[in-house]
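Below: one structure, written as structure tokens.
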Amino acid sequence: MSADPTQTLAFDTSCHLFDGCGFPAPGLHSFMFEPLWGDADGNGLYFNKPMLLALLGSVIIVGFFWAAFARPKVVPGKLQMIAEAGYDFVRRGVVYETIGKKEGEKYVPLAVSLFFFIWMLNLWSIIPVASFPVTSIIAYPAVLAAVVYVTWVSLTFKRHGFVGFLKNVTGYDKSLGAVLPLAMVIEFFSNLVVRPFTHAVRLFANMFAGHTLLLLFTIASWYMLNGIGIAYSGVSFVMVIVMTAFELFIQAVQAYVFVLLTCTYIQGALAEHH
């Protein structure tokens with residue numbers, strides 16, 4: 001069901017403290033968007049703002065690396081230097097440290113793509129006009145987590161075969177003795193059900209909560225801009241600045257954590273089971 005366009009991210013700008021109207025608190029309506037085209041009621045395809053931001057984010061990331069490495073130089077220019085620094089950070093700081101140089105090299109493109117794509121989707125939250133983190137909609141982290149999940153399962157099957165796969169996902173260890181069956185059930189459920197769920201929800205929940213707090217203080221700054229409430233409005237606006245700076249940090253951290261967990265899962269798939 002489509003959202004009321006008057007309730008999508010916006011709030012009543014004529015409503016202020018002491019005017020007799022209630023505080024227009026952010027809620028689920030703040031994460032719902034009318035389609036830019038199409039019908040959101042299930043009668044065909046539609047395209048909305050988060051989809052547009054995801055598409056633009058993809059174009060920006062691809063365009064950035066294309067421009068940086070289309071004509072690489074021995075002595076890199078500024079753009080190539082920045083791109084190389086970002087690429088090298090993921091390759092050496094995440095992939096090599098987790099999987100190892102020999103095994104990890106082939107997974108560097110996946111890790112780099114995930115890191116910068118997620119980071120860009122997160123960054124939309126603090127970019128004027130966009131002002132929305134795409135990953136605060138669960139569908140996007142869920143699809144990214146599904147890609148990692150399929151990669152991990154496929155690698156485990158390919159490396160260890162069916163029996164080895166079962167041992168890997170159940171944490172089979174005969175030294176556990178009588179508790180082995182229970183431990184295997186718990187590990188199986190944890191790896192095949194909980195793991196992909198938490199991988200997606202961790203990113204989604206942090207971006208959802210961060211955007212809600214930014215909205216809360218932003219709306220409060222405007223709402224209290226009336227009479228003696230101006231003093232409170234100033235405090236709220238300071239919190240907007242603080243939360244924006246904090247979000248910048250969290251956005252990068254969440255992209256890093258998502259890729260770090262991805263590499264950890266891949267490493268577990270490649271590791272020999274004893």
Let me check something: do Val253 and Trp124 share a hydrophobic cluster, defined by ILVMFWY side-chain heavy atoms less than 4.5 Å apart, either directly or through other members? yes

Determine the minimum heavy-atom distance between Tyr149 and Asn191, stating which atoms define it. CE1-O, 4.3 Å

Take the angle between the ring planes of Phe69 and Phe65 and call it parallel below 30°, perpendicular above 60°, tilted in between. parallel

Of all the heavy-atom pairs spanning Phe117 and Ser58, show the shortest one and how long it is. CE1-OG, 3.2 Å

Calculate, to the nearest 0.5 Å, the distance between atoms CZ and CZ belonging to Arg202 and Phe197 respectively. 11.0 Å

Checking Thr156 against Asn168: is there a side-chain donor and acceptor pair closer than 3.5 Å? no

Would you mind reporting whether Val108 and Val90 have side-chain heavy atoms less than 4.5 Å apart? no

I'd like to check Val112 versus Tyr107 (side-chain heavy atoms, cut-off strictly below 4.5 Å). Are they in contact? no

Do Gln80 side-chain atoms and Lys73 backbone N/O form a donor-acceptor pair below 3.5 Å? yes

Mind listing the closest non-hydrogen atom pair of Leu79 and Ala67 along with its distance? CD2-CB, 3.7 Å

Between the CD1 atom in Ile99 and the NZ atom in Lys106, the distance rounded to the nearest 0.5 Å is 10.5 Å

Donor-acceptor pair, distance only, cut-off 3.5 Å: does the side chain of Ser236 make one with the backbone of Tyr232? no

With the side chain counted from C-beta on, respond yes when His160 and Lys167 share a heavy-atom pair under 4.5 Å apart, and no when they do not. no

Hey, does the side chain of Asn48 reach the backbone of Glu34 with a donor-acceptor pair shorter than 3.5 angstrom? no

Any donor-acceptor pair under 3.5 Å linking the side chain of Ser131 with the backbone of Pro128? no

Minimum heavy-atom distance Gly104-Val95, with the two atoms named: O-CG1, 3.2 Å

To the nearest 0.5 Å, tell me how far Leu270 CG sits from Lys102 NZ. 12.0 Å

Value rounded to 0.5 Å, distance of CG in Leu260 from OG1 in Thr98: 5.0 Å

What pair of heavy atoms forms the shortest contact from Leu180 to Lys174, and how long is it? CD2-CA, 4.0 Å

Report yes if the side chains of Gln251 and Pro133 come closer than 4.5 Å at any heavy-atom pair, otherwise no. no

Step through it carefully: locate the ring centre of Phe31, locate the ring centre of His211, and say whether they are under 6.0 Å apart. yes

Closest non-hydrogen atom pair between Pro109 and Ser113, with its separation: O-OG, 2.7 Å

Expected output: side-chain Ser221 to main-chain Phe237 donor-acceptor under 3.5 Å: yes

Hydrophobic clustering (ILVMFWY, side-chain heavy atoms < 4.5 Å, transitive) - are Val240 and Val235 grouped together? no

Check ion pair Glu103-Arg159 (N to O, under 4.0 angstrom): yes

Should Leu53 and Leu36 be counted in the same cluster of Ile, Leu, Val, Met, Phe, Trp and Tyr side chains packed under 4.5 Å apart? yes

Residue pair Val201 / Pro141, side-chain heavy-atom distance below 4.5 Å: no

Can any side-chain N or O of Ser30 pair as donor or acceptor with the backbone N or O of Pro26 at less than 3.5 Å? no

Group every Ile, Leu, Val, Met, Phe, Trp and Tyr by side-chain heavy-atom contacts under 4.5 Å, then state whether Ile127 and Phe249 land in the same group. yes

Kindly indicate whether the side chain of Phe217, heavy atoms from C-beta on, has any atom under 4.5 Å from the side chain of Val242. no

Got Phe47 and Leu55 here, is their nearest side-chain heavy-atom distance under 4.5 Å? yes

Applying a strict under-4.5 Å side-chain criterion to I, L, V, M, F, W and Y, I'd like to know whether Ile60 and Leu123 cluster together. yes

So does Phe258 get a backbone contact from the side chain of Thr262, meaning a donor-acceptor N/O pair under 3.5 Å? yes

Quick check on side-chain contact (heavy atoms from CB on, under 4.5 Å): which of Leu56, Val134, Leu203, Ile137 does Leu121 satisfy it with? Val134

Parallel, tilted or perpendicular: ring planes of Phe33 versus Phe132, cut at 30 and 60 degrees: perpendicular

So do the side chains of Asn122 and Met207 get within less than 4.5 Å of each other, counting heavy atoms only? yes

